*Asks:* 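Have a look at this one before I ask anything.
These numbers come from a predicted model, not from an experiment.
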Protein chains: 2
Amino acid sequence: MKIELRPIGYVRSPYRERRDAPRQGRLSDAVSEIVVDPAYEEGLLRVGEKTHLFVLCWFDRADRERLRVTPPKNPVEHGVFATRSPDRPNPVSISVVDLLGIKGCVLSVRGLDALDGTPVIDIKPFAPDIDIPGWDEKKGEE
Amino acid sequence: MKIELRPIGYVRSPYRERRDAPRQGRLSDAVSEIVVDPAYEEGLLRVGEKTHLFVLCWFDRADRERLRVTPPKNPVEHGVFATRSPDRPNPVSISVVDLLGIKGCVLSVRGLDALDGTPVIDIKPFAPDIDIPGWDEKKGEE
C-alpha cells in the first residue's frame with residue numbers, strides 16, 4: 001500500500017540545524033510559527049479557541065533506516081519504538097504546544113522542537129480526557 | 001515534496017466498520033492487537049518496559065478532501081484542525097494506549113479506536129513530562 005502525505009504547511013523556528021534544537025520542545029520557551037498553506041485555511045476555523053494543540057511534523061532530516069538507538073538520558077540500546085528519537089521508519093513527530101495566537105494562516109506556538117522549514121502534516125486539539133492516561137480516574141479522586 | 005509512509009504493521013481489532021468504532025478509543029475497554037511487520041521487530045527492543053504508548057495509525061477509510069466538519073458533541077461547524085475527526089488532509093490518528101503485553105511482534109493494547117486492518121505507522125512511549133501541558137507546574141504544586 002502506498003500512502004502519500006501532503007504537507008499542510010511548515011515550521012518557522014529559530015532552529016536551523018539538528019544540534020540547535022532542544023531535546024524536546026517543551027523544555028524550551030522559544031516561540032515558533034506554523035505557516036499553513038492557504039489551500040488549507042478553511043480547516044483552521046475555531047482552532048483559535050483552543051489552548052493546547054498536537055502538532056505533527058515530518059522530520060525530513062531523520063534517518064528512516066535506523067531501528068536501534070541509544071538515548072542520551074538512558075544510555076542503553078533501545079528499539080526506536082521505545083524512544084522519541086527522530087530517527088525511525090516514519091519520522092512523524094508529536095508535539096504538544098501552547099497556542100499563543102493565530103493570524104490568518106499563521107499560528108504562534110510555544111513548545112515545538114522542529115527545525116526551521118520542517119513540513120507540518122497535521123494539527124489537532126489536545127483533549128485531556130482522551131490524551132492523558134487515567135484522566136477519568138484522576139477526576140474521580142478530586 | 002513527496003513523502004511516503006511505510007506501514008510498520010496493522011491493527012487487529014473487533015471493529016470492522018466505521019459505525020462500530022467508539023468515538024474515541026479511551027472510551028472503550030476493548031483490547032486490540034498491533035501486529036508489527038517482522039522487518040521492524042528490532043525496533044521493539046524495550047517497548048515492553050513501557051506502560052503507555054502513543055500509537056499512530058493511518059485512517060485509510062477517511063475523507064482527505066474534507067476541511068470542515070460538525071462534531072457530534074459540539075454541533076457547530078469547525079475546521080478539521082480544531083477537531084479529532086478522522087476526516088482530514090493527512091488522516092494520521094494519535095491514540096494513547098495502555099500496553100497490556102507484548103509477545104514477539106504482537107502488542108496487546110487497550111484504548112485504540114482503529115478499525116480492523118488499519119495500518120500502523122509509528123509507536124512511541126508516552127512521556128508525561130513532555131506530553132502533558134503544564135506537567136512541571138503540576139509537579140511543583142504537589
Side-chain angles (χ1 to χ4, degrees), chain A residues 1-8 24-27 36 40-54 56 58 60 64 67-68 76-84 88-92 94-98 111 119 121-133 135-136, chain B residues 1-8 24-27 36 40-54 56 58 60 64 67-68 76-84 88-92 94-98 111 119 121-133 135-136:
Chain A
M1 183 193 337
K2 280 216 176 189
I3 303 177
E4 201 176 310
L5 293 178
R6 308 167 186 161
I8 62 160
Q24 290 293 342
R26 289 209 75 78
L27 308 176
V36 174
Y40 297 103
E41 181 166 12
E42 263 199 79
L44 293 174
L45 182 69
R46 295 185 187 278
V47 167
E49 297 171 11
K50 308 295 174 184
T51 54
H52 296 97
L53 302 172
F54 277 125
L56 281 69
W58 181 258
D60 51 348
R64 300 185 68 178
L67 290 176
R68 293 274 173 94
V76 288
E77 201 181 36
H78 286 68
V80 290
F81 303 126
T83 78
R84 297 293 281 261
R88 51 210 310 122
N90 296 295
V92 172
I94 297 180
S95 305
V96 179
V97 304
D98 304 330
I121 60 164
D122 201 11
I123 298 167
K124 303 179 192 288
F126 178 85
D129 58 333
I130 55 173
D131 297 319
I132 300 181
W135 178 260
D136 288 340
Chain B
M1 186 194 337
K2 281 216 175 188
I3 304 177
E4 202 176 309
L5 294 179
R6 309 167 185 160
I8 61 159
Q24 290 292 342
R26 291 210 74 80
L27 308 176
V36 173
Y40 297 104
E41 181 166 12
E42 262 199 79
L44 293 174
L45 182 70
R46 296 185 188 275
V47 167
E49 297 171 9
K50 308 294 173 184
T51 55
H52 297 97
L53 301 172
F54 277 124
L56 281 66
W58 180 257
D60 51 349
R64 300 184 67 178
L67 290 176
R68 293 276 171 95
V76 288
E77 202 181 35
H78 286 67
V80 290
F81 303 126
T83 79
R84 297 293 282 258
R88 51 208 313 120
N90 296 296
V92 172
I94 297 179
S95 304
V96 179
V97 304
D98 304 331
I121 60 165
D122 201 10
I123 297 168
K124 301 179 196 287
F126 179 86
D129 58 332
I130 55 172
D131 297 320
I132 300 182
W135 178 260
D136 287 338

*Asks:* Under 4.5 Å between any side-chain heavy atoms of L56(A) and I94(B), yes or no?
*Replies:* yes
*Asks:* Pick one of side chain, backbone, both or neither for T83(B), based on which atoms fall under 4.5 Å of a heavy atom in chain A.
*Replies:* backbone
*Asks:* Can you say whether P119(B) sits under 4.5 Å from chain A via the side chain, the backbone, both, or neither, judging by heavy atoms?
*Replies:* side chain
*Asks:* Side-chain contact test, heavy atoms from C-beta onward, threshold under 4.5 Å: evaluate it for F54(B) versus R84(A) and give yes or no.
*Replies:* yes
*Asks:* Using non-hydrogen atoms only, which part of R6(B) is less than 4.5 Å away from chain A: side chain, backbone, both, or neither?
*Replies:* both
*Asks:* Would you check if I3(B) and E4(A) make a side-chain contact, meaning some heavy-atom pair closer than 4.5 Å?
*Replies:* no
*Asks:* Answer with side chain, backbone, both or neither: which region of L5(B) has an atom nearer than 4.5 Å to a non-hydrogen atom of chain A?
*Replies:* both
*Asks:* Quick check on the interface: out of F126(B), W58(B), F81(B), who has the most heavy-atom pairs with chain A under 4.5 Å?
*Replies:* F81(B)
*Asks:* Under 4.5 Å heavy-atom distance to chain A, tell me which part of K50(B) shows up: side chain, backbone, both or neither.
*Replies:* side chain
*Asks:* Check D131(A), V96(A), T51(A), V97(A) against P133(B) for a side-chain contact (heavy atoms from CB on, under 4.5 Å) and give me the one that passes.
*Replies:* V96(A)
*Asks:* Just give me the residue among G48(A), G43(A), P91(A), P128(A) that pairs up with chain B most often, heavy atom to heavy atom, under 4.5 Å.
*Replies:* G43(A)
*Asks:* Between E41(A), E77(A), R88(A), E49(A), which shows the greatest number of heavy-atom pairs under 4.5 Å with chain B?
*Replies:* R88(A)
*Asks:* How far apart are the closest heavy atoms of P89(B) and I8(A), and which atoms are they?
*Replies:* CB-CG2, 4.0 Å
*Asks:* When only pairs under 4.5 Å are counted, which of L67(A), N90(A), V47(A) shares the most heavy-atom pairs with chain B?
*Replies:* N90(A)
